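One structure is given here, and the rest of the page talks about it.
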Amino acid sequence: MRDRQRSKVYAWEGSFIPDFHKNNLSEDNCVKMFDQLQKGFNSSDDRNMKLSLRFINGHGRCWHSPSRREIVLRFNWGLSRQVLLHEYAHALTSEKYESHGGEFVANYSVLLHLFHPKHPSFKELAQSLRDANVDWADFKSSLAWKVFRRRKIKIAEAA
């Protein structure tokens with residue numbers, strides 16, 4: 001499936017989160033944050049996402065691998081809340097949807113709203129997405145909203 005809005009999403013992230021490519025977490029704090037996301041997601045008997053977190057050196061991208069059930073972050077630029085939330089949103093988004101399509105953007109936006117230290121409002125997120133010409137699905141219909149809206153996990157404070 002063609003990923004038609006990948007570059008738009010990356011451009012939007014860079015403008016909406018100015019320090020997107022700047023490490024602001026330690027490896028330890030990334031692990032804590034990831035563990036809390038996993039604990040929150042898997043807290044219901046009807047959900048079980050076995051996912052691991054791995055760190056690597058070198059240049060290149062960070063990614064979520066559905067086949068290996070892992071998120072991979074780069075030491076030199078990927079140790080941040082926003083990168084981890086971006087990749088976790090990929091894990092939440094079904095493979096039947098476009099990689100950076102509306103469902104992904106909705107999941108990612110909800111994770112930013114709930115767990116990024118700046119807690120952007122849905123109104124701010126929607127306006128910035130509109131300005132960047134990025135399509136998104138309904139935030140409150142997303143899996144991220146259904147799973148995490150009532151979770152009492154303090155991800156920002158863990159890091």
Side-chain angles (χ1 to χ4, degrees), residues 1-17 20-21 25 30-56 60-74 77-116 119-153 155-156 158:
M1 178 182 300
R2 187 169 181 271
D3 193 3
R4 66 179 176 76
Q5 62 173 31
R6 178 180 175 200
S7 60
K8 286 183 190 179
V9 169
Y10 291 166
W12 167 73
E13 286 174 322
S15 65
F16 190 69
I17 306 168
F20 185 83
H21 289 95
L25 295 178
C30 281
V31 170
K32 287 178 188 174
M33 189 173 161
F34 174 80
D35 288 346
Q36 288 184 6
L37 284 165
Q38 281 295 98
K39 182 179 177 184
F41 186 86
N42 293 323
S43 64
S44 175
D45 290 340
D46 62 336
R47 284 189 310 274
N48 185 11
M49 180 168 56
K50 293 184 190 301
L51 196 61
S52 62
L53 180 63
R54 183 167 56 104
F55 301 94
I56 61 173
R61 63 187 185 94
C62 297
W63 69 89
H64 162 251
S65 172
S67 61
R68 296 187 70 179
R69 295 183 177 164
E70 70 178 357
I71 289 175
V72 179
L73 300 179
R74 298 277 180 176
W77 71 271
L79 303 184
S80 68
R81 289 172 184 89
Q82 53 274 11
V83 173
L84 181 55
L85 293 175
H86 176 113
E87 298 309 333
Y88 203 83
H90 280 300
L92 293 177
T93 305
S94 170
E95 289 182 61
K96 70 180 180 179
Y97 295 112
E98 182 181 354
S99 184
H100 289 90
E103 297 298 323
F104 163 79
V105 174
N107 280 322
Y108 182 39
S109 296
V110 167
L111 293 175
L112 288 171
H113 168 74
L114 294 173
F115 303 125
H116 194 274
H119 299 289
S121 69
F122 286 140
K123 185 176 180 180
E124 291 172 309
L125 287 158
Q127 186 59 54
S128 68
L129 290 164
R130 222 179 272 108
D131 292 347
N133 197 26
V134 173
D135 296 332
W136 73 93
D138 180 42
F139 298 139
K140 293 189 177 177
S141 294
S142 70
L143 179 59
W145 180 255
K146 291 173 186 172
V147 169
F148 291 110
R149 74 176 183 263
R150 292 193 179 119
R151 296 288 172 248
K152 300 296 181 198
I153 54 178
I155 288 181

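These numbers come from a predicted model, not from an experiment.
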Is any side-chain heavy atom of [Y] closer than 4.5 Å to one of [X]?
{"X": "S99", "Y": "F104", "answer": "no"}
{"X": "V105", "Y": "Q5", "answer": "yes"}
{"X": "K32", "Y": "L25", "answer": "no"}
{"X": "F16", "Y": "Q82", "answer": "no"}

Would you please name every residue forming a side chain to side chain contact (heavy atoms under 4.5 Å, CB included) with A126, sequence neighbours left out?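 Checked A126 against side chain to side chain contact (heavy atoms under 4.5 Å, CB included); matches are R130, W136, F139.
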
Evaluate side chain to side chain contact (heavy atoms under 4.5 Å, CB included) for Q38 paired with L53, printing each intermediate quantity in order. CA-CA 10 Å; Q38 281 295 98; L53 180 63; over 6 Å; no

Would you give the length of the straight line joining atom [atom1] of [X] to atom [atom2] of [Y], rounded to the nearest 0.5 angstrom?
{"X": "L51", "Y": "R69", "atom1": "CG", "atom2": "CZ", "result": "9.5 Å"}
{"X": "H116", "Y": "R81", "atom1": "NE2", "atom2": "CZ", "result": "6.5 Å"}
{"X": "D135", "Y": "E98", "atom1": "CG", "atom2": "CD", "result": "8.5 Å"}
{"X": "E13", "Y": "L112", "atom1": "CD", "atom2": "CG", "result": "8.0 Å"}
{"X": "L129", "Y": "Q127", "atom1": "CG", "atom2": "CD", "result": "9.5 Å"}
{"X": "Y88", "Y": "L111", "atom1": "OH", "atom2": "CG", "result": "8.5 Å"}

Minimum-distance pair of heavy atoms, taken over all atoms of [X] and [Y]:
{"X": "A106", "Y": "S142", "result": "CB-CB, 4.0 Å"}
{"X": "R47", "Y": "S43", "result": "NH2-OG, 4.1 Å"}
{"X": "G60", "Y": "R74", "result": "C-NE, 3.8 Å"}
{"X": "F122", "Y": "K140", "result": "CE1-CE, 3.7 Å"}

What do the steps show when you test D138 against W145 for side chain to side chain contact (heavy atoms under 4.5 Å, CB included), and what is the final call? CA-CA 10 Å; D138 180 42; W145 180 255; over 6 Å; no

Aromatic ring pairing H90/H100, orientation class (parallel under 30°, perpendicular over 60°, tilted between): perpendicular

Using the side chain to side chain contact (heavy atoms under 4.5 Å, CB included) rule, take W77 and C62 through it: C-alpha gap first, then chi angles, then the decisive distance, then the call. CA-CA 9 Å; W77 71 271; C62 297; 3.7 Å; yes

Residues N107 and E103: side-chain donor-acceptor under 3.5 angstrom: no

Applying side chain to side chain contact (heavy atoms under 4.5 Å, CB included) to V110 and F148, what does each step give before you reach the verdict? CA-CA 9 Å; V110 167; F148 291 110; 5.6 Å; no

Go through the structure and list residues passing salt bridge (charged side-chain N to carboxylate O under 4.0 Å, His left out) with R68, not counting sequence neighbours. E70

